[in-house]
Amino acid sequence: MNRPSVSIVIPAYNEESVIRQCLTAAVYQSSPAHEIIVVDNKSTDRTADIVRSMQEEYPESPIRLIRQDAVQGLIPTRNAGLDHGTGEILGRIDADSVLEPDWVEQVQLAFLDPEVQAATGPVLYYDMPLRRWGQKADDKMRQLMLRLARHEYHFLFGSNMALRRSAWHIIRAETCLDEKDEMHEDIDLSLHLAEHSLRVQYVPTMVSGMSARRLEDSPRDYSYYVTRFDRTYKAHNIRKIALKAPMVVFYSVYFPAKLLRAIHSVTATVPERGGVDQSTGL
């Protein structure tokens, strides 16, 4: 069967420290992306310059740089990227994501099923110790969430997600702008898809590396991030107690994971790719 074309959308704001490794992973895929779109949102650092230099380094790769200067914020920046995507499937990752080499291929295979309208997968925290163990734990947690939600809600994860361009057009005008920046934009997308009975598929083989830099937040900022779940549910009038499970998990891992990350940052060098650390085999 003909595999669908995949656009990769990357919102970016002052991401000069990570955008190169993100783009490098997106370029070196077993099945090439149709296009790789970086949406620069008023960056004041060298983010745009680095993207332009990579366009010159990889002229055969369809790296596109567009600007979203109308307003500061992730959601309008994400929307601009999805609106500009021309692939049949619109992938969406973060600027600190480092895709596994077969990510595009796994997305294409998932969307061979015409019933699948969106897909998401587990993540591998590349700047934490025991990365492959962490990926398995992340996978188990996400599958547990599906069971707790009784498969009524399948939540996308913004660092590792894709949806059909046709599905995006259906929900585009309905997605919340969240001008106060109080919600989880990926959960909001998921709930709008559910309102239209558009199927979201969890794909364990669709793996993206991401940074655990959220652990650098203060306890207060981290708590605000976690309670975004509650505010997103309330915006959609959802009151399922089981859906609070991610909040419990995030709260419980904060201090142990923060300590592990601090130790790891001192004793190890972070690899550019999300794969196995050759020195440890993990």
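Atoms considered below: every heavy atom in the structure, side chains included; atoms not considered: hydrogens, waters and symmetry mates. Residues: numbered from 1 along the sequence shown.
Side chain of Thr227 to main chain of Asp230: no donor-acceptor pair is present (N/O by atom type, distance under 3.5 Å, no hydrogens or angles). Listed for the Asp69 side chain is no donor-acceptor partner under 3.5 Å among the backbone atoms of Asn41. Remark: the backbone N or O of Arg213 is paired with a side-chain donor or acceptor of Ser211 at under 3.5 angstrom. Counting only distance, with no hydrogens or angles, the side chain of Asp45 and the backbone of Thr47 share a donor-acceptor pair below 3.5 Å. Formation of a donor-acceptor pair under 3.5 Å by the Glu100 side chain with backbone atoms of Val207 is not found in this model. Under the 3.5 Å distance criterion, the side-chain polar atoms of Ser7 are matched with a main-chain donor or acceptor of Gly87. Checking side-chain atoms of Glu115 against main-chain N and O of Arg199 turns up no donor-acceptor pair under 3.5 Å. Arg92 places no side-chain N or O within donor-acceptor distance of the main-chain N or O of Leu82, the cut-off being under 3.5 Å. Counting only distance, with no hydrogens or angles, the side chain of Thr232 and the backbone of Met183 share no donor-acceptor pair below 3.5 Å.
Counting heavy atoms from C-beta on, the side chains of His34 and Val6 never come closer than 4.5 Å. Looking at Gln68 and Tyr13, their side chains never come closer than 4.5 Å, going by heavy atoms from C-beta outward. A heavy-atom distance below 4.5 Å is found between the side chains of Cys22 and Ile93. Looking at heavy atoms from C-beta onward, Gln201 lies out of side-chain contact with Asp113 at the 4.5 angstrom threshold. Annotation: side chain of Leu65 is in contact with side chain of Gln55 (closest heavy-atom distance under 4.5 Å).
Salt bridge Glu88/Arg164: absent, no basic N to carboxylate O contact under 4.0 Å. Between Arg20 and Glu57 there is a salt bridge, since a side-chain N of the basic residue sits under 4.0 Å from a carboxylate O of the acidic one.
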(message) The test is side chain to side chain contact (heavy atoms under 4.5 Å, CB included); show your working for Val39 and His84 and say whether it passes.
(response) CA-CA 10 Å; Val39 189; His84 278 80; over 6 Å; no
(message) What verdict does the side chain to side chain contact (heavy atoms under 4.5 Å, CB included) test give for Asp96 and Tyr126, after you've listed the backbone C-alpha separation in whole Å, the side-chain angles of each residue and the deciding distance to 0.1 Å?
(response) CA-CA 10 Å; Asp96 65 354; Tyr126 56 75; 3.8 Å; yes
(message) Please evaluate residues Glu182 and Arg228 with respect to the criterion salt bridge (charged side-chain N to carboxylate O under 4.0 Å, His left out), reporting the C-alpha separation (whole Å), side-chain torsions for both, the decisive distance (0.1 Å), and the verdict.
(response) CA-CA 6 Å; Glu182 296 179 330; Arg228 285 176 182 269; over 6 Å; no
(request) Could you go through the side chain to side chain contact (heavy atoms under 4.5 Å, CB included) check for Val107 and Met206 one step at a time? (result) CA-CA 7 Å; Val107 170; Met206 178 181 158; 3.9 Å; yes
(request) Evaluate the criterion side chain to side chain contact (heavy atoms under 4.5 Å, CB included) for residue pair Thr175 and Leu189; output intermediate values, then yes/no. (result) CA-CA 6 Å; Thr175 55; Leu189 273 183; 3.6 Å; yes
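Side-chain heavy atoms closer than 4.5 Å link hydrophobic residues (I, L, V, M, F, W, Y) into clusters, and following such links, possibly through other members, connects Tyr222 to Phe229. No continuous path of hydrophobic side-chain contacts links Leu163 to Val116 [ILVMFWY only; heavy atoms under 4.5 Å]. Residues Val9 and Ile89 fall into different hydrophobic clusters, defined by Ile, Leu, Val, Met, Phe, Trp and Tyr side chains chained together at heavy-atom separations under 4.5 Å. Clustering ILVMFWY residues whenever any of their side-chain heavy atoms sit less than 4.5 angstrom apart, transitively, puts Tyr233 in a cluster other than the one holding Leu156. Clustering ILVMFWY residues whenever any of their side-chain heavy atoms sit less than 4.5 angstrom apart, transitively, puts Ile187 in the very cluster that holds Ile238.
Taking the ring centre of Tyr225 as origin, the terminal cationic atom of Arg214 falls inside the region bounded by 6.0 Å and 45° from the ring axis. Taking the ring centre of Tyr224 as origin, the terminal cationic atom of Arg231 falls inside the region bounded by 6.0 Å and 45° from the ring axis.
Taking the six-membered ring for Trp and the full ring otherwise, the centers of His154 and Tyr202 sit at least 6.0 Å from each other.
The closest side-chain donor-acceptor pair between His184 and Asp188, if any, does not fall under 3.5 angstrom. Side-chain polar atoms of Gln29 and Asp102 form no donor-acceptor pair below 3.5 angstrom. Side-chain contact of Thr24 with Tyr58: a donor-acceptor pair under 3.5 Å is absent, judged by distance alone. For the residue pair Gln117 and His196, no side-chain donor N or O sits within less than 3.5 Å of a side-chain acceptor on the partner. Counted by atom type alone, Glu15 and Ser43 present zero donor-acceptor pairs between their side chains at under 3.5 Å.
The side-chain contact (heavy atoms from CB on, under 4.5 Å) test with Phe155 is passed by exactly one of Leu191, Thr120, Asp186: Leu191. Tested against Ser31 for a side-chain hydrogen bond (donor to acceptor under 3.5 Å, both in side chains), the candidates Arg3, Gln108, Glu105 yield a single pass: Gln108. The only member of Ile19, Asp40, Ile10 that meets side-chain contact (heavy atoms from CB on, under 4.5 Å) when paired with Val51 is Ile19.
Nearest heavy-atom pair across Tyr251 and Ser223 is OH-OG, 3.1 Å. Val104 and Pro32 make their closest contact through CG1-O, 4.0 Å (heavy atoms, listed as atom of the first residue, atom of the second, distance). Nearest heavy atoms, Pro11 versus Ala95: O-CB, 3.8 Å. Closest approach of Leu99 to Ser208, counting heavy atoms only: CD2-OG, 3.6 Å. Taking both residues in full, the closest heavy atoms of Ala167 and Leu193 are given as CB-CD2, 4.2 Å, listed atom of the first, atom of the second, then distance. Scanning all heavy atoms of the two residues, the minimum distance from Pro256 to Ser252 falls at CD-O, 3.6 Å.
Residue-environment remark: CD (Glu60) exceeds the threshold of 12 foreign heavy atoms within 6.0 Å.
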